[in-house]
Amino acid sequence: MIKKRSEIEGKVLTNFKDGIGDVTMYHFMTEKEANGAGRLFVKTVIEPGNSIGNHTHEGDVEAYYILKGKALVSDNGNEVVLEEGDCNFCPDGQSHSIKNVGEDTLEYIAIILYTKQKEV
């Protein structure tokens, strides 16, 4: 299956997970297409100053891979600045948040995988 860029719609989320402002997610794979392996497969775009609030993962894990920009990530309360090529992995039972602290758009790939595969 091929998905052209023009076929992947962005979904705007406002104050996502009690974050600041808008976040746009481009879903490049659906949960059904992942055959029960995970629930989120997106490129996320966050404008300067906007964020996704702190949240805990339960029954799944999440990874961010920074494509562009500068992010302040809280990894269980430990704040670290990530830039292009850096990654944050949030295991099951732990928490994180992400904020664009740069002057340009922040773009990253986010993947959430279940800790146990689901039936589809």
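Note that these values count all heavy atoms, side chains included, but never hydrogens, waters or copies made by symmetry. In this text the structure is predicted, and so the values were computed from the model without any measurement.
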- Go through the side-chain N and O atoms of Glu84 and Tyr108 and say whether any donor and acceptor fall under 3.5 Å apart. no

- Message: Check whether Asp92 reaches the backbone of Gly59 with its side chain - one donor and one acceptor, N or O, closer than 3.5 Å.
- Response: yes

- Give the C-alpha distance, both sets of side-chain angles, the deciding distance and a yes or no for salt bridge (Lys or Arg N to Asp or Glu O under 4.0 Å) between Lys99 and Glu79. CA-CA 11 Å; Lys99 180 178 183 179; Glu79 292 188 334; over 6 Å; no

- With distance as the sole criterion, is a donor-acceptor pair present between the side chains of His96 and Asn88 under 3.5 Å? yes

- Roughly how far, to the nearest 0.5 Å, is the OG atom of Ser51 from the CG atom of Asp18? 9.5 Å

- Message: Looking at Ser95, is its backbone amide N or carbonyl O close enough to the side chain of Asn76 to form a donor-acceptor pair, meaning the two atoms are under 3.5 Å apart?
- Response: yes

- Note on the structure: Smallest heavy-atom separation, Tyr114 atom then Gly36 atom, equals CD1-O, 3.2 Å

- May I ask you to list the residues sharing a hydrophobic cluster with Phe41, side-chain cutoff 4.5 Å, ordered by chain and number? Ile8, Tyr26, Phe28, Met29, Val45, Val61, Tyr65, Leu67, Phe89, Ile109, Ile111, Leu113

- Can we say Arg39 and Glu62 salt-bridge, meaning some charged N sits less than 4.0 Å from an Asp/Glu carboxylate O? no

- Common cluster, Leu40/Leu13, ILVMFWY with side-chain heavy-atom separation under 4.5 Å: yes

- Going through the checks in order, is the side chain to side chain donor-acceptor pair (under 3.5 Å) test met by Glu107 and Thr44? CA-CA 6 Å; Glu107 297 182 12; Thr44 304; over 6 Å; no

- Message: Contact between Glu83 and Lys68 at the side-chain level, heavy atoms closer than 4.5 Å - yes or no?
- Response: no

- Task: Compute whether any side-chain donor of one residue and acceptor of the other, for Gln94 and Thr56, lie under 3.5 angstrom apart.
- Result: no

- Item | Expected output: side-chain Asp60 to main-chain His57 donor-acceptor under 3.5 Å | no

- Query: Ignoring hydrogens and geometry, is there a side-chain-to-backbone donor-acceptor pair from Thr24 to Gly10 under 3.5 Å?
  - Reply: no

- Message: Quick check against the 3.5 Å criterion: does Asn50 have a side-chain atom that pairs as donor or acceptor with the backbone of Asp22?
- Response: yes

- Query: Can you list the steps and then say if Ile98 with Tyr64 is a side-chain contact (heavy atoms from CB on, under 4.5 Å)?
  - Reply: CA-CA 9 Å; Ile98 188 166; Tyr64 298 153; 3.7 Å; yes

- Task: Calculate, to the nearest 0.5 Å, the distance between atoms OG and CG belonging to Ser97 and Asp75 respectively.
- Result: 9.5 Å

- Asn100 side chain to Ile46 backbone, donor-acceptor under 3.5 Å: yes

- Message: Taking atom CD as the centre, does Glu9 end up with more than 12 heavy-atom neighbours from other residues, nucleotides or ligands that are less than 6.0 angstrom away?
- Response: no

- Query: Are any non-hydrogen side-chain atoms of Leu106 and Lys70 less than 4.5 angstrom apart?
  - Reply: no

- Query: Are Ile52 and Val80 connected, step by step, through hydrophobic side chains (Ile, Leu, Val, Met, Phe, Trp, Tyr) whose heavy atoms are closer than 4.5 Å?
  - Reply: yes

